[in-house]
Trainee: 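My questions all concern the structure below.
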Amino acid sequence: MGGRPDARALVRAVLDPGTFRSWDSPPRDPVAAGTPYGEELAAARERSGYDESVITGEGLLGGRRVAVMACEFSFLAGSIGVAAAERLVAAVERATAEGLPLLAAPASGGTRMQEGALAFTQMIKIAAAVRLHRAAGLPYVVYLRHPTTGGVFASWGSLGHVTAAEPGALIGFLGPRVYEALYGEPFPPGVQRAENLFAHGLVDAVVDASQAREIAIRALSVLCAPRDGLDPGPEPEEADAEGIPAWDAITRSRRPDRPGVRELLRYGAADVTPLHGTGSGESDPGLLLALARFGTAPAVVIGQDRRKQRDGVPLGPAGLRVARRGMRLASELGLPLVSVVDTAGAALSKEAEEGGLAGEIARCLADLVTLTAPTVCLLLGEGAGGAALALLPADRVLCAQHAWLSPLLPEGASAILYRATDFAPEIAERQGVRAADLRRDGIVDRIIPERPDAADEPAAFSRRVARALDHELAVLLAAAPAYRLEARLRRYRDLR
């Protein structure tokens, strides 16, 4: 684990050169000099070159003013006592008052044992200050370093909008030495490593300091993007889609080379920052979560990933919980939300039922239709069943020319009605699942052309979709939030 940067080196590596300015004043020690703990503090200062276990301040990141706070592990294992907590809280409160995004870089063994219960309870006020910073609509980005354990990980280390971790870093609640001392055996290897946390959806990326800088710049370019006065540009191109038979559209939507949400982001978006998992121990490869810009419009993107689902990982309840993380992020930061529907249906399994699939569909529906942020849904390809409906209710709904929406796969509906799948084309036609039918019924607002098929022009089609999204988001951002929400609720109340 050698060669890791200390707090000052990390700040220099992340911020623009020469821009860091300290906010710190000399700490007030909780004990007198000459006492055993006072001597320990003095020795730690002399040995580490730091006056406390944390430094705070401000600087520029890609030219943007940001606040920073970082732990220094060489000072009493980065532990947090009363003086360190006061320094952290003062920095968070100043960042909130001055409207600054906040970057945090913990590296700590947790609470300072020399200060006992009083130090332990400091985590409450740190967590409260961070929550109030987030409640002010300000981004909080965390970079977990080696090691981050105990109360630090269980408070301000786990509250980021976006969270990255240092490669190989030890990150966990209970330190392995404590576990072994208490239980007489080593903690299971690999569990508390950054890479394992990523695999379980607890962090968004595992990157070194230079990559953490780039992630933070990209993320803040979306999280801090202007929302007012965006130019919607000319009306996007539209398609009629009236002459397309339902079964033809369904067949085209199932082409394996049809572009999905990843191609949309690759060809049509900028400043894309993938996020990973729920942040609470689950992930689902069938649901993509990202920050991105379409033209000038920033957005949180929650998209069903057709390729991952077709690789044998149908969308499950964890995927919908990832989607709800995206909804919370959009709500808290006032960012528009783009939901992308492209699914042959949710997972049908014992695990999905026991994992609460139906409840997650219900909660997605309720959260999305009442979200205060602007919302645009894109029906990109297949749209089968409750998993598709879960991401549908939005201020505006766009539909690719060969996309569709159905209560069930047409083959499934045929099996229900006729005990055979042979009648799927006829049922699809009768159910009004195609783009033209959806627009006629008020479910879809705009149909995006495919020339003649999105699979034949993935880049051009993706850019066409992105222009439409940019237009819709700019128009929505110009509307009053209360009006948007009222109009959305009325829209779905009046569907008949």
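What you see is a predicted model, and the numbers here were worked out from it, not measured in a lab.
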Trainee: Should the pair D453-R255 be classified as a salt bridge under the 4.0 Å nitrogen-to-oxygen rule?
Mentor: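 Looking at R255 together with D453, the answer is yes, because their closest N to O distance falls below 4.0 Å.
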
Trainee: Kindly indicate whether the side chain of W247, heavy atoms from C-beta on, has any atom under 4.5 Å from the side chain of P410.
Mentor: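 They are in side-chain contact.
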
Trainee: Between the side chains of E237 and R451, is the shortest nitrogen-to-carboxylate-oxygen separation below 4.0 Å, so that they form an ion pair?
Mentor: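 Counted as a salt bridge, because a side-chain N and a carboxylate O are separated by less than 4.0 Å.
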
Trainee: With a 4.0 Å cut-off on N to O distance, would you call D342 and R262 a salt bridge?
Mentor: no

Trainee: Taking the basic N atoms (NZ, or NE/NH1/NH2) and the acidic carboxylate oxygens, is any pair closer than 4.0 Å for R491 and D445?
Mentor: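 D445 and R491: salt-bridged.
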
Trainee: Identify whether the distance between the nearest side-chain nitrogen and carboxylate oxygen of K125 and E93 falls below 4.0 Å.
Mentor: no

Trainee: Any non-hydrogen side-chain atom of L392 less than 4.5 Å from a side-chain atom of L405?
Mentor: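 Yes, their side chains come closer than 4.5 Å.
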
Trainee: Are the side chains of L291 and L223 in touch, meaning some heavy atoms are under 4.5 Å apart?
Mentor: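 A side-chain contact exists here, since the closest heavy-atom pair is under 4.5 Å.
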
Trainee: At what distance, to the nearest 0.5 angstrom, does CE of M69 lie from OG1 of T56?
Mentor: 9.0 Å

Trainee: To the closest 0.5 Å, what do you measure between OG1 (T19) and CG (L60)?
Mentor: 4.5 Å

Trainee: Can D311 and K308 be counted as an ion pair, charged N to O under 4.0 angstrom?
Mentor: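 Result for this pair is no, no salt bridge flagged.
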
Trainee: Considering only NZ, NE, NH1 and NH2 on the basic side and carboxylate oxygens on the acidic side, decide whether E263 and R258 come within less than 4.0 Å.
Mentor: no

Trainee: Between R145 (side chain only) and A165 (backbone N and O only), is there a donor and an acceptor less than 3.5 Å apart?
Mentor: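 No; zero donor-acceptor contacts below 3.5 Å.
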
Trainee: Using a strict 4.0 Å threshold on nitrogen-to-oxygen distance, state whether R446 and E472 make a salt bridge.
Mentor: yes

Trainee: Should E486 and R493 count as an ion pair when the cut-off is N to O under 4.0 Å?
Mentor: no

Trainee: Ignoring hydrogens and angles, state whether a donor on the side chain of W23 or E58 is under 3.5 Å from an acceptor on the partner side chain.
Mentor: yes

Trainee: Taking 4.0 angstrom as the limit, do R439 and E242 come out as a salt bridge?
Mentor: no

Trainee: So does R321 pair up with E282, basic N to acidic O under 4.0 Å?
Mentor: yes

Trainee: Strictly below 4.0 Å, N to O, side chains only: are R325 and D204 in salt-bridge contact?
Mentor: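 Salt bridge: yes.
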
Trainee: When rounded to the nearest 0.5 angstrom, what is the spacing between SG in C364 and CE in M327?
Mentor: 4.0 Å

Trainee: Report yes if the side chains of L469 and L398 come closer than 4.5 Å at any heavy-atom pair, otherwise no.
Mentor: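 Yes. Closest side-chain heavy atoms under 4.5 Å.
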
Trainee: Hey, are R218 and D271 close enough for a salt bridge, meaning a charged N less than 4.0 Å from a carboxylate O?
Mentor: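 Looking at D271 together with R218, the answer is no, because their closest N to O distance does not fall below 4.0 Å.
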
Trainee: Within the side chain of R396, is there an N or O that forms a donor-acceptor pair under 3.5 Å with the backbone of V376?
Mentor: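 The answer is no, because no donor-acceptor pair under 3.5 Å joins these two groups.
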
Trainee: Does any part of the side chain of Y143, heavy atoms only, come nearer than 4.5 Å to the side chain of L103, both counted from C-beta?
Mentor: no

Trainee: I'd like to check L391 versus Q304 (side-chain heavy atoms, cut-off strictly below 4.5 Å). Are they in contact?
Mentor: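 A side-chain contact under 4.5 Å exists here.
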
Trainee: Is R363 reaching over with its side chain to a backbone N or O of I361, donor-acceptor style, under 3.5 angstrom?
Mentor: no

Trainee: Between H402 and P452, is any pair of side-chain heavy atoms under 4.5 Å apart?
Mentor: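 No; the side chains remain at least 4.5 Å from each other.
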
Trainee: Assess whether salt bridge (Lys or Arg N to Asp or Glu O under 4.0 Å) is satisfied between D16 and R213, documenting all intermediate values.
Mentor: CA-CA 9 Å; D16 298 352; R213 167 182 163 83; 3.0 Å; yes

Trainee: Answer yes or no: are there more than 12 heavy-atom neighbours, outside L132 itself, under 6.0 Å from its atom CG?
Mentor: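 Yes, CG of L132 has more than 12 neighbouring heavy atoms, counting only those of other groups under 6.0 Å.
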
Trainee: If you measure from the Lys or Arg side-chain nitrogens to the Asp or Glu carboxylate oxygens, is any gap between R328 and E332 under 4.0 Å?
Mentor: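 No, R328 and E332 are not salt-bridged.
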
Trainee: Assess the residue pair R467 and D470 against the criterion (salt bridge (Lys or Arg N to Asp or Glu O under 4.0 Å)); give the C-alpha distance rounded to whole Å, side-chain angles, the decisive distance to 0.1 Å, and a yes or no.
Mentor: CA-CA 5 Å; R467 284 195 294 273; D470 183 20; over 6 Å; no

Trainee: Run the salt-bridge test on R252 and E450 with the 4.0 Å N-O cut-off and return the result as yes or no.
Mentor: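 Salt bridge flag = no for E450 with R252.
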
Trainee: For R463, is there an ion pair with E457 - N to carboxylate O distance below 4.0 angstrom?
Mentor: no

